[in-house]
Amino acid sequence: MDAQDLSGFPLRLEGDAVPMVSFRKVTKSYGSLVVLDSLDLDVAEGEMVSVIGPSGSGKTTVLRMLMTLETINGGVIYVDGEPLTHMPRGDRLVPADSRHLRRIRAKIGMCFQQFNLFPHMTALENCMEGPVHVLGLSKKEARERSEELLAMVGMTEKRDQHPSRLSGGQQQRVAIARAMAMRPKVMLFDEVTSALDPEVIGEVTNVIRKLVAEHNLTMLMVTHQMGFAKDISDRVCFFYGGRIEEQGTPDALFGHPKRERTQQFLSAVREAI
Amino acid sequence: MFDWRWDFTWDILPRLIAATGNTLLAAGLGYAIAVVLGLALALAQRTPSRALTLVVREAIEFIRSTPLVLQIFFVFYVGPQFGLRLSPWTAGMIAIGLHYAAYLSEVYRGGLDSVPKGQWEAATSLNLSTSRTYFRVILPQALPPSLAGMGNYLVGIFKDTPMLSVIGVAELMHTANAIGSETYRFLEPFTLVGIIFLALSLPTAAGIRLFEAWVRRKLGMV
């Protein structure tokens with residue numbers, strides 16, 4: 001991380017309405033290529049925010065930075081009021097060490113476009129791995145929790161199968177159960193339906209609908225499914241060129257986009273359908 | 001032209017079979033060292049420390065670019081000048097173990113590189129520690145693609161054990177040579193050595209292929 005003046009950033013966020021996730025002037029670049037340019041984005045507890053935009057707009061990077069899969073070059077990310085990318089030392093912020101990262105990261109779960117299930121473990125073992133080896137649950141507790149979640153995603157019958165025996169939609173549902181087994185406060189969905197055949201997209205989106213309805217999760221979702229984003233989101237952010245070009249309620253953004261680039265993007269997407 | 005003597009053959013066979021035990025022991029011990037040390041060398045190249053990576057890489061290059069027999073001589077004859085006085089067995093095991101560790105580390109490196117990046121990311125997203133990530137997620141997946149290479153080097157180390165005869169390890173080759181010097185008959189002992197090597201190498205290679213298939217099945221990868 002580049003040396004930067006962090007004196008303007010609070011050691012922790014306090015007050016009545018602390019956002020669950022807060023990006024403050026977050027910058028990400030690869031060499032001279034700026035992927036995200038001083039991003040400010042707050043997500044409230046229990047809020048479902050969809051991130052849309054053309055490829056290369058930096059939308060996936062937002063999730064990857066939050067999951068600590070990418071480092072950031074400037075700014076600070078806060079989760080649940082505490083800095084994620086940094087930690088307080090005395091009265092200032094310094095880059096986080098691995099212990100701090102692990103502690104804060106425990107609040108975040110993520111599902112990936114390519115599912116990324118562990119191929120040498122069964123569906124159930126995939127779900128139990130984190131609870132047993134990270135959270136320290138007993139095998140019995142972890143199994144109960146995992147079976148409950150596999151039931152929620154409709155995968156009870158396939159729990160003893162390895163991922164190679166499951167369809168893409170089934171693998172993604174197991175991946176959602178696996179992430180949920182860690183009891184995160186924030187869930188990230190990175191194009192979770194992009195690698196799926198059209199006819200199985202519904203089985204995954206239905207599971208996400210269920211999560212929204214039954215859990216008080218904070219969610220950030222990068223998606224190309226505009227209809228789904230419109231249905232399910234509290235807020236939609238349209239990314240363009242590493243910035244939030246426009247954001248608003250789904251009705252406002254999809255119904256009456258104000259910015260020209262948003263209008264262009266949405267009409268291009270509609271034409272493609 | 002052929003002067004093959006069966007009575008002589010039966011006479012020397014027990015001595016050669018006894019020496020085969022030493023050959024197998026040398027191959028087994030050397031391989032065990034190489035398997036563990038090779039993994040350490042492969043993992044050492046994946047630490048954040050640039051300096052460590054560079055030192056390990058250069059050491060591996062050095063070992064792979066010089067002959068095994070030189071390394072055996074070096075450990076055994078040059079070692080004492082640095083206060084390292086080793087028996088032929090110990091020196092031989094260190095040399096051959098190190099030599100094959102360098103090769104095996106490259107096999108492991110290929111296996112580790114073949115694990116998709118998404119597996120690391122999933123492990124991070126589940127907050128698994130680095131060691132858990134390696135032992136539960138990455139290494140089990142790096143193993144199957146490494147097995148063929150590991151098997152080749154198991155046969156390789158077995159066939160290279162005769163090099164230990166140069167420092168006096170009483171393995172097969174050393175024994176056959178000794179029989180030859182004592183009796184001035186080389187045809188029978190060396191032919192028998194060849195047959196013994198062949199008889200052990202072929203089933204080993206086949207066994208490795210079966211083991212590989214079994215591991216893949218066991219890990220749910222078929």
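None of the values given here were measured: they were computed from a predicted structure.
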d(A/R102 CZ, B/N127 CG) to nearest 0.5 Å is 5.0 Å
Spacing of CZ belonging to B/R136 relative to CD belonging to A/E125, to within rounding of 0.5 Å: 8.0 Å
Looking only at heavy atoms, which two atoms of [X] and [Y] are closest? And how far apart?
X	Y	answer
B/Q119	A/P119	OE1-CD, 3.5 Å
A/H120	B/V137	CE1-O, 3.5 Å
B/L126	A/R178	CD1-CD, 3.6 Å
A/G130	B/L128	CA-CD2, 4.4 Å

B/S129, part contacting chain A, at a heavy-atom distance under 4.5 Å: both
Could you look at B/R132 and say if it's the side chain, the backbone, both or neither that has a heavy atom under 4.5 Å from chain A? side chain
Quick check on [X] against chain B: is it the side chain, the backbone, both or neither that has a heavy atom closer than 4.5 Å?
X	answer
A/M182	side chain
A/F118	both
A/L117	backbone
A/R64	side chain

For the side chain of A/N116 and the backbone of B/A122, is there at least one donor-acceptor N/O pair under 3.5 Å apart? no
Please rank A/M110, A/Q114, A/R105 by heavy-atom pairs under 4.5 Å with chain B and give me the top one.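 Option with the top pair count is A/R105.
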For the [atom1] atom on [X], are there more than 12 heavy atoms of other groups (residues, nucleotides or ligands in this structure) within a distance under 6.0 Å?
X	atom1	answer
A/E148	CD	no
B/M93	CE	yes
A/R89	CZ	no
A/K107	NZ	yes
A/R12	CZ	yes
B/F82	CZ	no
A/E214	CD	yes

Among A/L69, A/D190, A/T68, which residue meets the side chain to side chain contact (heavy atoms under 4.5 Å, CB included) test with B/E121? A/L69
